[in-house]
Each structure stands twice: as structure tokens, then as C-alpha cells.
Engineer: 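My questions all concern the structure below.
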Amino acid sequence: MRELILVKYAPEIFLKGLNRGKFERKLRDNIAKKLDGIKAEFIHDSGRYFIKTDEIEESINRISKVFGILEVCLVREVDIDFNSIQEVALEKVRQSEGNTFKIITNRANKKFELNSMEVSRKVGAYVLTNLDGEINVDVKNPDILINIEIRNNYAYVWANTDITKGAAGLPYGMNGSTMLMLSGGIDSPVAGYMMAKRGVEVSCVYYHSHPYTSERAKDKVKDLAKILAQYTEKINLYIVPFTDIQMEIINKCREDELTIIMRRFMMRIACRLADKYGINSVSTGESIGQVASQTMDGLIVSDNCADRPAFRPLIAMDKTDIMEIARKIGTYETSILPYEDCCTIFVPKHPKTNPKLDAIMKEEEKLNVDELVQKSIENIEVVTF
Ligand code: ATP
Ligand code: MG
């Protein structure tokens, strides 16, 4: 009898038809990459992976962060023999806490002499006899749920407490790539997580306004990229010097249009970088109506500078829901550290909430847009996590 890790994929992968194999292989590669440095053997068995390793706890912890996985279960491998199966099931019930239990059986091996219902019933009766008076069956809402799977070579037994929830979503790298505008705030790391969860490869760009934004503000963004990288693969963070652009806007443009013009520069630069590094799209942490620059008109005017899809995965989410995800993925505590962002240092007293494209473009004629963009791109710093 051995302990193995059973990896169940997210159900969506089963719906991929002819592409399913591609998704499965990508998932396998992504798991293997996450297990870098750990000796592990993979067994692919119709719609799931079994993984043999000596470093079970660390492996489960890492695998549960891989997108495309529904559950990671620590399972006991048992010979195909009814007595052995019921002994292990009994032991699992004994090790679990609770007053009620249920047995669920899945018999993939149709040669096994009992069908699923019979296995569940007989094992249940065996548990009841051995734990007489200590425990009852509850088929609707049991405290302890014992899973038995009878496959061709072995059977597998595990309890609900042996299950770690997976990160869900789709395998990372299956759905193109995006350049995420990563600020130090709460929203953009969540936006990056959500894109990555749908299989989109993430790179990040941060606009740094030295000396108005500090080294600590920059380090905070690096820390956020590092946390995101736990869920993805290597992440490149492009740090763009933004002070000259902001100064030009402040010196030459209308005060109430500063923010929207600045956001258009962010969009242009993100697209230029995406183009340079072969990235399909850009993403931001914007949410409709959240602040003055995130009005419908504001979004339309900044979108006009994009030469590729600009995704905003948080667009229809409330701040409280975004914060909940930030806590869950571990970015919240870093995001709330009180360092300044380039968007917050030069805020107009009355920012335009309904900017019009014509008027903004007219205002931008006062600037040498191409040269400003070009210069900031030439002075980029790249950090990889
Ligand atoms: P966040 O919490 O992500 O900072 P926010 O609610 O503070 O968002 P804004 O400051 O208006 O909103 O920024 C909106 C979006 O613009 C951010 O989610 C991010 O994608 C991008 N952004 C803002 N500032 C920067 C920056 N300094 N570098 C890179 N991207 C930025
Ligand atoms: Mg911000």
C-alpha cells in the first residue's frame, strides 16, 4: 500500500473536444515545472494524473496552485481485493473526525465482482459493525466522506480531509499573452491573477515616477509580481521611467485632463512593449465607476490608444469582491502598504469624468507624444521573477 497524489482536472478541460489532449499535456508540463527539484513520477490514467513522490506535502502545496486543477487528493493505493479496500476505508473513517459518514464508490474496472452500489453498501456495513454506536450513516450531509475508486490495476481510497482544492481555471499558457499594467494597488494584481487563471501568460509593466514615487513603492510592485509568479511561470516586470512624461503633461496640458492624458500614455507604452515582446493584449485593474478616471468615457478615451485588445477583468466587480480575491491569493497585505503611486501624486482637483476624444487629442498636440514614448521605452529596467 502506497500513498499517491491524485490530480483531478477542472471539468472545462473535458469539454475541449479534439483539443483536450493539448490541454492535458500543457497541464502536465505545468505541474512538472512547479515540481522542479522534487523527484516525481507521473501516471496518466483516463482523465486524471497520479503522481508518485516522497515529498507529498510540499508537492500538494505546489500543485494546488497550478491553474486547470479541480482537486489534489492524497490517496491510498490498495490491491484490487475487497477485504483490503474495506480495511483501508475503516482506517480512514477512524482517522477522521465526525459523527456521520458516507461511502462513495466509482468502479472504472467493470471486471470487479461488485458494482459501485454494492461496494459502498458492504463497506458501509463493515464500518458500522466495527465502530458500533460511535458513528452513523448520513447520505445527504456526512461529516466524513470516503471515496473509493476501483481502477484496472489498483483501487484508491481517500477521505474528504485528504482533498486540497485546486486553483481551477485553465492551464497557464494555453490562451495567449497579456501585458498587465501592475501598480502597487489592490486591483491590478487581482486582474493579473484572473487573466492567468484563464490560461493567459502574464508579463507586467510598472510606471515609476522617480523621485516622486520611492524605491519602496517600486519594491512593493516587485513583491506583488513575485507573489503572482507563484501562480504562473517566470514573470517579467518592465519598469518604465514615467517622470518626464508626467512633467510634460503637467507643464503643458489642462489640469483637469492630466489623469486621462497620463492614462493614454500608459496604454500606448504597454502596447508598444507588448508589440516588442510578442504579447497579444494588455490588461488593467480598472473597474467601471471606481474612480474618476474609470468612467465609461474615460475608458473609451484611453482605449483609443490601444492597438490590441485591452482587457479589464475586474470591470464589473465591486471593490469588496476584488479585496476578497486579493486576500485569497495573498497580495492584499502587500497592496495595502501605504506607498505612493504615480496616479496619486499629481491628481487634479476636479478630474474630468466625461472626457471627449477630440478635445483630449487636441490637448495632446501640445506634446511630442512619440518622442516621449520612445524615450521612456529606451530606458526600461527589466526584472524577472
Ligand atoms: P490599483 O489598485 O490596481 O492600483 P486603482 O483602483 O488604484 O487600481 P488607478 O490608480 O486609477 O486605480 O489605476 C487603474 C489601473 O491602471 C490599475 O489597475 C493598473 O492596471 C493601472 N495603473 C495605475 N497606475 C499604474 C502604474 N504606476 N504602473 C502600472 N500600471 C498602473
Ligand atoms: Mg492605483
Side-chain angles (χ1 to χ4, degrees), residues 178-195 202-210 212-225 227-228 235-243 245-246 249 258-274 281-295 297-299 301-303 305-306 310-315 317-327 329 331-348 351-353 355 376-377 380-381 383:
T178 203
M179 180 64 82
L180 169 73
M181 298 192 214
L182 182 66
S183 69
I186 294 171
D187 304 326
S188 44
V190 173
Y193 173 85
M194 288 177 68
M195 294 305 287
V202 175
S203 300
C204 302
V205 53
Y206 166 59
Y207 302 100
H208 185 50
S209 302
H210 174 78
Y212 302 99
T213 50
S214 63
E215 277 304 300
R216 289 194 308 178
K218 194 205 263 186
D219 288 342
K220 176 179 160 180
V221 176
K222 289 184 186 171
D223 288 344
L224 289 170
I227 299 172
L228 269 185
I235 283 192
N236 283 336
L237 170 65
Y238 301 96
I239 300 170
V240 178
F242 206 54
T243 319
I245 293 178
Q246 282 190 298
I249 304 173
L258 294 183
T259 309
I260 185 68
I261 293 175
M262 183 183 83
R263 299 206 61 79
R264 281 166 58 86
F265 271 95
M266 288 185 174
M267 186 62 91
R268 284 187 193 100
I269 295 172
C271 288
R272 282 283 296 274
L273 287 176
S281 65
V282 298
S283 296
T284 81
E286 288 162 309
S287 159
I288 190 83
Q290 197 189 77
V291 290
S293 62
Q294 297 174 25
T295 59
D297 286 333
L299 297 175
V301 171
S302 58
D303 245 20
C305 289
F311 295 118
R312 298 176 172 94
L314 313 185
I315 196 72
M317 286 179 72
D318 292 344
K319 191 79 184 188
T320 45
D321 297 332
I322 299 169
M323 283 158 66
E324 200 181 308
I325 300 178
R327 286 197 190 88
I329 64 174
T331 52
Y332 184 79
E333 294 303 325
T334 304
S335 288
I336 58 171
L337 294 172
Y339 308 136
E340 61 297 311
D341 178 57
C342 70
C343 289
T344 51
I345 46 174
F346 304 111
V347 190
K352 259 219 172 113
T353 53
S376 67
I377 285 181
I380 268 175
E381 177 193 345
V383 199

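Order of listing sets the numbers, starting from 1, for every ligand and every atom in it.
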Engineer: How does S293 reach ligand 1, by side chain, by backbone, by both or by neither, if only non-hydrogen atoms under 4.0 Å count?
Structural biologist: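 It is the side chain that touches ligand 1; the backbone stays farther off.
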Engineer: Looking at ligand 1, does any of its N/O atoms fall within less than 3.5 Å of an N/O of G184?
Structural biologist: no
Engineer: Below 4.0 Å from any atom of ligand 1, is there a heavy atom belonging to H208?
Structural biologist: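 Checking ligand 1 against H208, which is what was asked, there is no heavy-atom contact under 4.0 Å.
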Engineer: Say whether S188, considering both its backbone and side-chain N or O atoms, lies within less than 3.5 Å of an N or O atom on ligand 1.
Structural biologist: yes
Engineer: Would one find an N or O of Y207, backbone or side chain, under 3.5 Å from an N or O of ligand 1?
Structural biologist: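 Indeed, backbone or side chain, Y207 has an N or O that close.
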Engineer: When you measure from the side chain of S335 to the backbone N and O of G185, does any donor-acceptor pair fall under 3.5 Å?
Structural biologist: yes
Engineer: Would you say T284 has any N or O atom under 3.5 Å from an N or O of ligand 1, going by distance alone?
Structural biologist: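 The answer is no, given that T284 and ligand 1 share no N or O pair closer than 3.5 Å.
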Engineer: To the nearest 0.5 angstrom, please state how far the CD1 atom of I186 sits from the OG1 atom of T331.
Structural biologist: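 These two atoms lie 8.5 Å from each other.
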Engineer: Heavy atoms only: which of M266, E286, Q290, R263 is nearest to atom 16 (O) of ligand 1?
Structural biologist: R263
Engineer: Would you mind running through ligand 1 and noting each atom that sits below 4.0 Å from a heavy atom of L182?
Structural biologist: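 Result: 28 (N), 29 (C), 30 (N).
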Engineer: So, taking the atom named OG1 in T295 and the one named CD1 in I260, what distance separates them when rounded to the nearest 0.5 Å?
Structural biologist: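 Between T295 OG1 and I260 CD1, I get 7.0 Å after rounding to 0.5 Å.
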Engineer: With a 3.5 Å distance limit and no angle check, can you tell me whether K220 reaches the backbone of L337 through a side-chain donor-acceptor pair?
Structural biologist: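 Yes, the answer is positive, given that a donor and an acceptor are paired below the 3.5 Å cut-off.
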Engineer: Is the number of heavy atoms from other residues, nucleotides or ligands under 6.0 Å of E324 CD greater than 12?
Structural biologist: no
Engineer: Any idea which atoms of ligand 1 are less than 4.0 Å away from a heavy-atom of V205?
Structural biologist: 29 (C)
Engineer: For the CD1 atom of I377 and the CG atom of L273, what is their distance to the nearest 0.5 Å?
Structural biologist: 5.0 Å
Engineer: Between R312 and D187, does any NZ, NE, NH1 or NH2 come within less than 4.0 Å of an OD or OE carboxylate oxygen?
Structural biologist: no
Engineer: To the nearest 0.5 Å, tell me how far M194 CE sits from I329 CD1.
Structural biologist: 9.5 Å
Engineer: Check each atom of ligand 1 against the heavy atoms of Y206 and keep those under 4.0 Å away; list them by number with element.
Structural biologist: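 Matching atoms, with element in brackets: 27 (N), 28 (N), 29 (C).
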Engineer: Does CZ in R216 sit with more than 12 non-hydrogen atoms of other residues, nucleotides or ligands closer than 6.0 Å?
Structural biologist: no
Engineer: Could you tell me whether T213 approaches ligand 1 through its side chain, its backbone, both or neither, with non-hydrogen atoms closer than 4.0 Å?
Structural biologist: neither
Engineer: Have a look at ligand 1 and work out which part of L180, if any, has a heavy atom under 4.0 Å from it: side chain, backbone, both or neither.
Structural biologist: neither
Engineer: Quick one: CE on M317 to CD on Q290, what's the gap to the nearest 0.5 Å?
Structural biologist: 10.5 Å
Engineer: Can you list the ligand 1 atoms lying under 4.0 Å from a non-hydrogen atom of D187?
Structural biologist: 1 (P), 2 (O), 3 (O), 5 (P), 6 (O), 8 (O)
Engineer: As an exercise, identify every atom of ligand 1 less than 4.0 angstrom from a heavy atom of I186.
Structural biologist: 2 (O)
Engineer: Counting only heavy atoms, tell me which of P189, G185, G285 gets closest to atom 17 (C) of ligand 1.
Structural biologist: G285
